[in-house]
Chemist: 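I'd like to ask some things about the structure below.
In what follows, chains are A, B, ... by sequence order, proteins preceding strands, each numbered from 1. None of these values were measured; they are calculated from a predicted model. These values consider heavy atoms only, across backbone and side chains, with no hydrogens, waters or symmetry-generated copies.
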Protein chains: 2
Amino acid sequence: MEDYGCDMRGMLSFQILWLLSKKVMNGEELAGEIEKRRGEKPKAGTIYPALKGLSSKKLIFGSKNGKSVYYRLTPSGKKALDHAVNHFCSSFGEILESKTKA
Amino acid sequence: MEDYGCDMRGMLSFQILWLLSKKVMNGEELAGEIEKRRGEKPKAGTIYPALKGLSSKKLIFGSKNGKSVYYRLTPSGKKALDHAVNHFCSSFGEILESKTKA
DNA sequence: AAATAAATATAGGACATACTATATATTTAA
DNA sequence: TTAAATATATAGTATGTCCTATATTTATTT
């Protein structure tokens, strides 16, 4: 991981939920979408345990198709995402706004 | 901590740097500003180790005044924050945008 | 002066997010 | 059919962020 001085880890499961709310995807596609945004692609040992955790909480549901597992949000995953987006925006919204204005 | 389904921890040191870029503050004041945004106030065992870590990396500098330690960003702290803000916005900017539009 | 309050400090624990490395299943190419 | 590529899975390690609990320091109050 690149060094930003402060630790920029976190919010992986949140970002996965958000991405799956836009499109049904498998783990590889999700990793690619995260790479577009973060600049670095999460490794297999990062993304698959996260997907497993979200599955076991029933926030996402995976269907195997060939060698891939395609994930979609469950209804409770959609609810959790809404709640989390609200929290995220009240926590960090001003930082994103300050950048937009600059 | 409240449960959001997905884990919403993270970015504490980043948020501390951002808050200190706006105003010189002590640990208690920082915890109060974080509470305004996140809804929950980080406990002493959370905030002080984070401040210690940022100090040991020379990203912030603390001056003791009575019972308080007032922290400010160092020049390398300002640089680290700029870099981190860019990364944060490219990682999560669209999430805030989607909320603003809704 | 003694008790209380405010601010900081640190030990010890849990967990998500990172990594590397290894392994397995399935598909595609040689 | 064998080899390579793709996608997933899991073990093991490290670190930041969370907590509770305890302790210390300094200022204020009685």
Chemist: Taking for each residue the nucleotide of DNA chain C bearing the nearest heavy atom, is the 5' side occupied by B/Y48 or by A/K67?
Modeler: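 The residue whose closest nucleotide sits nearer the 5' end is B/Y48.
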Chemist: B/K52 side chain N/O closer than 4.0 Å to the phosphate oxygens (OP1, OP2) of C/dT10?
Modeler: yes
Chemist: Which pairs count as ring pair (Phe, Tyr, Trp, His ring centres under 6.0 Å) when at least one residue sits in residues 18-64 of chain A, sequence neighbours excluded?
Modeler: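 Counting only pairs at least two positions apart or across chains, no ring pair (Phe, Tyr, Trp, His ring centres under 6.0 Å) contact touches residues 18-64 of chain A.
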Chemist: Can you establish whether the number of heavy atoms outside B/R72 located under 6.0 Å from its atom CZ is more than 12?
Modeler: no
Chemist: Quick one: what's the B/S/- string for nucleotides 11-23 of chain C, heavy-atom cutoff under 4.0 Å, read 5' to 3'?
Modeler: ----BSBBBB---
Chemist: How close or far is atom P of D/dC18 from atom CG of B/D3, stated in whole angstroms?
Modeler: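 Spelled out: CG on B/D3 to P on D/dC18 is 14 Å.
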Chemist: Starting at atom CD1 of B/I47, determine the distance to atom C1' of D/dT20, rounded to an integer number of angstrom.
Modeler: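 The distance from CD1 of B/I47 to C1' of D/dT20 comes to 17 Å, rounded to the nearest Å.
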Chemist: Is there a side-chain contact between B/L54 and B/L20 (heavy atoms, below 4.5 Å)?
Modeler: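 Answer no - side chains too far apart.
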Chemist: Specify the separation, in whole Å, of atom CG of B/N65 and atom P of C/dA6.
Modeler: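 Those two atoms, CG and P, are 18 Å apart.
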Chemist: Is a side-chain donor or acceptor of B/S98 paired with a backbone partner of B/I95 at a separation under 3.5 angstrom?
Modeler: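 The answer is yes, because a donor-acceptor pair under 3.5 Å joins these two groups.
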Chemist: Which residues pass the ring pair (Phe, Tyr, Trp, His ring centres under 6.0 Å) test with B/F88, not counting sequence neighbours?
Modeler: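 Ring pair (Phe, Tyr, Trp, His ring centres under 6.0 Å) check on B/F88 returns A/F88, A/F92, B/F14, B/F92.
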Chemist: Without decimals, in angstroms, what is the distance between B/E2 CD and D/dT17 C1'?
Modeler: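 Nearest whole value for this atom pair: 17 Å.
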Chemist: Does A/Y70 belong to the same Ile/Leu/Val/Met/Phe/Trp/Tyr cluster as A/I60, with side-chain heavy atoms less than 4.5 Å apart forming each link?
Modeler: no
Chemist: I need the residues from residues 22-37 of chain B with at least one non-hydrogen atom less than 4.0 Å from DNA chain D; give them sorted by number, or say none.
Modeler: none
Chemist: Can you list every salt bridge (Lys or Arg N to Asp or Glu O under 4.0 Å) pair that touches residues 7-29 of chain B, not counting sequence neighbours?
Modeler: B/D7-B/R9, B/E28-B/K41
Chemist: Provide the full list of salt bridge (Lys or Arg N to Asp or Glu O under 4.0 Å) pairs with a residue in residues 51-60 of chain B, sequence neighbours left out, each pair given once.
Modeler: none
